[in-house]
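Scope of the values below: all heavy atoms of this structure, side chains included, with no hydrogens, waters or symmetry mates. For this chain, numbers begin at 1 and follow the sequence in order.
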Amino acid sequence: MSKYQLLINGEMVDGDLTMDVLNPATEEKVADCPRASVKQLNSAVEAAKDAFPIWSETSVDERKGIILKIADVIEANATELAQLLTEEQGKPLEAATTEVYGMAAFCRYFTSLDLPVEVIEDSEARKVEIHHKPLGVIGAIVPWNFPLILMAFKLPPALITGNTMVIKPAPTTPLTTLRFAELIKDLLPAGVVNFITDANDLGEPLTAHPDVRKISFTGSTATGAKVMAGAAGLLKRITLELGGNDAGIVLDDVDPKEAAPKLFESAFQNSGQVCIAMKRLYVHENIYDEMCSELAAIADETVIGNGLEQGTKLGPLNNKMQFDKVKGLIEEAKKDGNVIAGGEVPDQPGYFIRPTIVKDIKEGSRLVDEEQFGPVLPVMSFSSEEEAVARANATSWGLGGSIWSSEPERAYALADQMDAGTVWINKHAELDPTIPFGGAKQSGLGSELGQDGLEEFTQRKIINMAKSA
Ligand code: NAD
């Protein structure tokens, strides 16, 4: 069994505590994992604070050069990282490999961006400039569904802009992150990036730590609210990428046979454990029955299994808590609607749930009103476009949404009415590092990716100079 350690102040160190990390496909232990104490969290923040003055003075080109080397290291070790990611997260190896290469690509993308000094006035009387200064120590908190790619939303832009970091993965998926830490340790000066792990107990002290200037958080809305409260006392900067209950709306001109595979993928990729997965589907009544049948047929033929086995399309849920939650939602949905595919939990070890399609269900059922974050999709019918949009918007979340039509312009006309951070047309859950990403309503605050995602790690500073004394 490989040995995993924390990275604090440039050194790989044992945790003061330990914890097990399980393979969700087998429920067997993948490895002993170090677990940091509060004392180690404080050491990590101190190291990042001490590293900040020198790191923030290095040139942007030097920092970008290091990020490019990190991208090279990720790719050179992609096979190992992907295998480990599958073992601890559960996703199929092919998807894990895509995530690893995606992380390298996100690193490279951010090195193509700049935040030059902007001169907003240069007149006889004065010269006024906008500068972007690093903030200091960034606390980065990452969930378990995409441990690497979501870290890549944060690490490259935070470092390129001159900040230092303490990164904390989720308790059920810390190993790939720690192996990554070990691989990049010698590329960076000591303390610039520190990696700690926890059992869901260090997010709060990290957020509250007086020397942490910003928290970049990805996770659930409930925890995001705690981060916001914890950051309030010292008016820290926060970026929150939170939960969602994305609706897809399928208009009456769509061919069910053609659209069903894309809709299925939108809802079920990563076994539904995607913040921007399609989590509710509204289909026009004229094509409702046919669409439900198509989706059920795809669900029935989908191969679920251990992500390391060839042919596996969907892996298990990542952890027991999520597994139990989704099972509970399905049991209730059996009373509130008709389960036309799946609904069962295979009699085998691992947190497996067959992809489940629920027909004839309505708002008021927990499966529709809550974020399931698992392989189960409620499909509802509507009769008018206004009704569909109103029902899609009737939620406190607002991460993403999509509209499907054989005439994209018809869908475009409705896009403006959807209350969401991103609206896709004839697709869903497309993520691209060049496009800013953020949630409306209770799905988040601020944005990541794109130029905005770089700027979010800086403080604007105005220099306003009179031309004469
Ligand atoms: P979670 O909120 O339970 O945990 C996320 C992270 O927060 C973990 O690292 C956890 O250890 C940490 N944490 C726990 N308590 C904390 C506290 N009091 N203060 C600070 N941090 C704390 O979420 P999860 O179950 O790991 O992830 C699933 C959720 O994340 C879903 O709601 C999903 O939609 C959301 N998510 C959102 C995005 C996005 O970009 N909007 C992306 C992926 C996942």
Side-chain angles (χ1 to χ4, degrees), residues 56 60 63-64 67-68 71 102-120 129-143 146 148-165 167 212-219 221 224 227-228 231 235-244 246 274-276 397-402 415-416 418-425 427-462:
S56 59
V60 175
R63 299 196 292 255
K64 285 183 176 178
I67 296 297
L68 288 172
M103 187 187 192
F106 276 44
C107 286
R108 293 214 165 86
Y109 164 70
F110 277 110
T111 67
S112 72
L113 301 181
D114 284 305
L115 281 173
V117 174
E118 195 185 331
V119 179
I120 53 171
E129 297 173 339
I130 302 175
H131 294 240
H132 297 275
K133 307 301 286 181
L135 295 164
V137 179
I138 308 291
I141 301 177
V142 182
F146 289 92
L148 293 184
I149 205 80
L150 293 172
M151 183 176 27
F153 283 36
K154 307 179 191 304
L155 181 144
L159 295 189
I160 286 171
T161 46
N163 301 283
T164 57
M165 302 184 85
I167 298 180
V212 172
R213 286 301 177 82
K214 171 177 173 130
I215 293 289
S216 176
F217 174 83
T218 306
T221 295
V227 169
M228 198 167 182
L235 284 169
K236 292 181 187 189
R237 276 41 182 169
I238 48 173
T239 300
L240 303 175
E241 293 290 359
L242 309 178
D246 287 16
V274 184
C275 54
I276 43 173
W397 279 292
L399 197 55
S402 61
D416 189 47
M418 277 193 101
D419 206 354
T422 303
V423 180
W424 292 277
I425 291 170
K427 56 186 169 183
H428 198 114
E430 183 186 79
L431 203 64
D432 182 318
T434 68
I435 302 173
F437 171 68
K441 299 194 275 187
Q442 291 179 30
S443 285
L445 200 68
S447 43
E448 293 193 294
L449 305 181
Q451 186 76 16
D452 294 6
L454 191 68
E455 203 172 333
E456 285 256 343
F457 286 99
T458 65
Q459 171 66 49
R460 278 185 165 199
K461 176 172 171 179
I462 308 299

Aromatic ring pairing F437/F153, orientation class (parallel under 30°, perpendicular over 60°, tilted between): perpendicular

Taking every non-hydrogen atom, the tightest pair across R213 and L135: CG-O, 3.3 Å

Criterion side chain to side chain contact (heavy atoms under 4.5 Å, CB included) on L242 and F217, from CA distance to verdict: CA-CA 8 Å; L242 309 178; F217 174 83; 3.5 Å; yes

Stepwise side chain to side chain contact (heavy atoms under 4.5 Å, CB included) check, F110 with I67: CA-CA 9 Å; F110 277 110; I67 296 297; 5.7 Å; no

Derivation and outcome, side chain to side chain contact (heavy atoms under 4.5 Å, CB included), residues T218 and V142: CA-CA 5 Å; T218 306; V142 182; 5.8 Å; no

Contacts of D419 that satisfy salt bridge (Lys or Arg N to Asp or Glu O under 4.0 Å) - sequence neighbours left out: K441

Separation between CD1 of I160 and OG1 of T458, rounded to the nearest 0.5 Å: 12.5 Å

Pairwise distance OG1(T111) to CG(L68) - rounded to 0.5 angstrom: 4.0 Å

Shortest non-hydrogen separation from P143 to G219 and the atoms involved: CB-CA, 4.3 Å

Check: G136 main-chain N/O paired with N163 side-chain donor or acceptor under 3.5 Å: yes

Donor-acceptor contact below 3.5 Å, side chain K236 vs main chain I215: no

Nearest heavy-atom neighbours spanning L449 and I435: CB-O, 3.5 Å

Under 3.5 Å: donor-acceptor pair, side chain of T221, backbone of Q442: yes

Residues I462, I130; criterion side chain to side chain contact (heavy atoms under 4.5 Å, CB included); working and verdict: CA-CA 5 Å; I462 308 299; I130 302 175; 3.8 Å; yes

For S443, side chain to side chain contact (heavy atoms under 4.5 Å, CB included) partners two or more places apart: W397, L399

Donor-acceptor under 3.5 Å (K154 side chain, E448 main chain): no

Check: E455 and L115 side chains under 4.5 Å, non-hydrogen atoms: yes

Side chain to side chain contact (heavy atoms under 4.5 Å, CB included) involving A71 - partner list, sequence neighbours excluded: A104, C107, R108

Rounded distance [0.5 Å steps], OG1 in T434 versus CG in L431: 9.5 Å

Straight-line distance of F106 CZ to D432 CG, nearest 0.5 Å: 7.0 Å

R63 side chain near L159 side chain, heavy-atom distance below 4.5 Å: no

Shortest non-hydrogen separation from V212 to G139 and the atoms involved: CG1-N, 3.7 Å

Considering all heavy atoms, the nearest P433-Y109 contact: O-CE2, 3.0 Å

Heavy-atom closest contact (A420 atom, G401 atom, distance): CB-N, 4.2 Å

Donor + acceptor pair across side chains of E456, T239 (<3.5 Å): yes

Beyond-backbone contact of W424 with D246, side-chain heavy atoms, under 4.5 angstrom: yes

Pairwise side-chain contact, L155 with M165, heavy-atom cut-off 4.5 Å (strictly under): yes

Side-chain donor or acceptor of D114 paired with backbone N/O of P116 under 3.5 Å: no

Donor-acceptor contact below 3.5 Å, side chain K133 vs main chain Q459: no

Rounded distance [0.5 Å steps], OG1 in T161 versus NE2 in H132: 10.5 Å

